[in-house]
Amino acid sequence: NLGFEGYHNDTGCIDFPKEQWKAWYDWFVCGKPERFYAYIVRNCDNAFIGEVNVHKSNDGNWYDMGIVLESTYRGMGYANEALYLILNETFEKLSVSVVHNDFEKSRVAAIKTHLSVGFVIEKEINGIVHLCITKNQYFTM
């Protein structure tokens with residue numbers, strides 16, 4: 001229960017009406033170096049797999065990230081590859097020093113995926129796991 005308007009607890013989806021698309025695109029996609037957004041596309045057939053993003057945190061000196069895979073492509077290893085690519089982009093081209101992500105402790109597969117690419121669990125508060133990875137950790141793996 002994220003408790004904000006437009007979020008549906010039963011599906012985990014967030015309303016995104018067409019009239020909001022352009023403003024969102026201009027803010028998020030065109031926002032380097034504070035923000036970076038990319039589609040995840042499978043090389044062999046250009047199938048859309050999902051999306052990744054990083055953005056400067058309002059809470060500290062790090063970047064928060066997100067990754068979403070279409071459900072039919074989950075559990076196939078695409079998340080690992082996408083995380084490596086977004087971390088490389090973030091640490092190499094945006095010169096970021098720390099990337100953070102957080103989500104529900106019940107998302108065991110997401111935790112496993114993040115740990116497998118070098119994230120560490122920083123803390124857990126009220127069922128939310130906070131993970132982070134530094135530029136140094138990423139490049140010394």
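Hydrophobic clustering, with ILVMFWY side chains joined whenever heavy atoms are under 4.5 angstrom apart, keeps Phe36 apart from Trp62. Residues Tyr138 and Val99 fall within the same hydrophobic cluster, defined by Ile, Leu, Val, Met, Phe, Trp and Tyr side chains chained together at heavy-atom separations under 4.5 Å. The same ILVMFWY cluster, assembled from side-chain heavy atoms under 4.5 Å apart, contains both Ile86 and Met141. In the hydrophobic cluster analysis, where Ile, Leu, Val, Met, Phe, Trp and Tyr join through side-chain heavy atoms closer than 4.5 angstrom, Tyr63 is grouped together with Ile121. Residues Ile40 and Tyr25 are members of separate hydrophobic clusters, defined by side-chain heavy-atom contacts under 4.5 angstrom among Ile, Leu, Val, Met, Phe, Trp and Tyr.
Within a 6.0 Å radius of CG in Asn61, other residues, nucleotides and ligands contribute 12 heavy atoms or fewer. The number of heavy-atom neighbours closer than 6.0 Å to CZ of Phe16, taken from other residues, nucleotides and ligands shown, is above 12. Asp45 CG: more than 12 foreign heavy atoms inside a 6.0 Å radius.
Side chain to side chain, Asn101 and His130 fail the donor-acceptor criterion of an N or O pair below 3.5 Å. A donor atom on one side chain and an acceptor atom on the other are not found under 3.5 Å apart for Asp26 and Trp24.
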Output, in order, the C-alpha distance, side-chain angles, deciding distance and verdict of side-chain contact (heavy atoms from CB on, under 4.5 Å) for Asn58 and Asp64. CA-CA 9 Å; Asn58 293 328; Asp64 288 313; over 6 Å; no

Begin from the C-alpha positions of Val120 and Cys132 and carry the test side-chain contact (heavy atoms from CB on, under 4.5 Å) through to its verdict. CA-CA 6 Å; Val120 295; Cys132 65; 4.2 Å; yes

Report the C-alpha distance between His8 and Asp15 in whole Å, list the side-chain angles of each, state the deciding distance to 0.1 Å, and finish with yes or no for side chain to side chain donor-acceptor pair (under 3.5 Å). CA-CA 8 Å; His8 302 273; Asp15 291 338; 2.7 Å; yes

Kindly determine whether Phe139 and Asn88 satisfy side-chain contact (heavy atoms from CB on, under 4.5 Å), including the steps that lead there. CA-CA 9 Å; Phe139 285 114; Asn88 196 64; 4.0 Å; yes

In sequence, state the C-alpha distance, the side-chain angles, and the governing distance for Gln137 and Phe91, and then conclude on side-chain contact (heavy atoms from CB on, under 4.5 Å). CA-CA 11 Å; Gln137 287 169 320; Phe91 290 134; over 6 Å; no

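Taking the centre of each ring, Tyr37 and Trp27 stay at or above the 6.0 Å mark. Ring centroid separation for the pair His114 and Phe103 comes in under the 6.0 Å cut-off.
Atom-to-atom distance recorded for Glu34:CD and His55:NE2 is 12.0 Å, nearest 0.5 angstrom. Between the CD atom in Glu104 and the CD1 atom in Ile111 there is a gap of 9.5 Å [rounded to 0.5 Å]. Here the CG atom belonging to Asn136 is positioned 10.0 Å from the CD1 atom belonging to Ile133, to the nearest 0.5 angstrom. Within the model, atoms CD1 of Ile67 and CD of Glu51 stand 9.5 Å from one another, a figure rounded to the nearest 0.5 Å.
Contact check for Val117 versus Leu87: side-chain heavy atoms found under the 4.5 Å cut-off.
The pair Arg42-Glu81 does not meet the salt-bridge criterion, since no charged nitrogen lies less than 4.0 angstrom from a carboxylate oxygen.
Under a 3.5 Å cut-off, the side chain of Lys56 and the backbone N or O of Gly60 do form a donor-acceptor pair.
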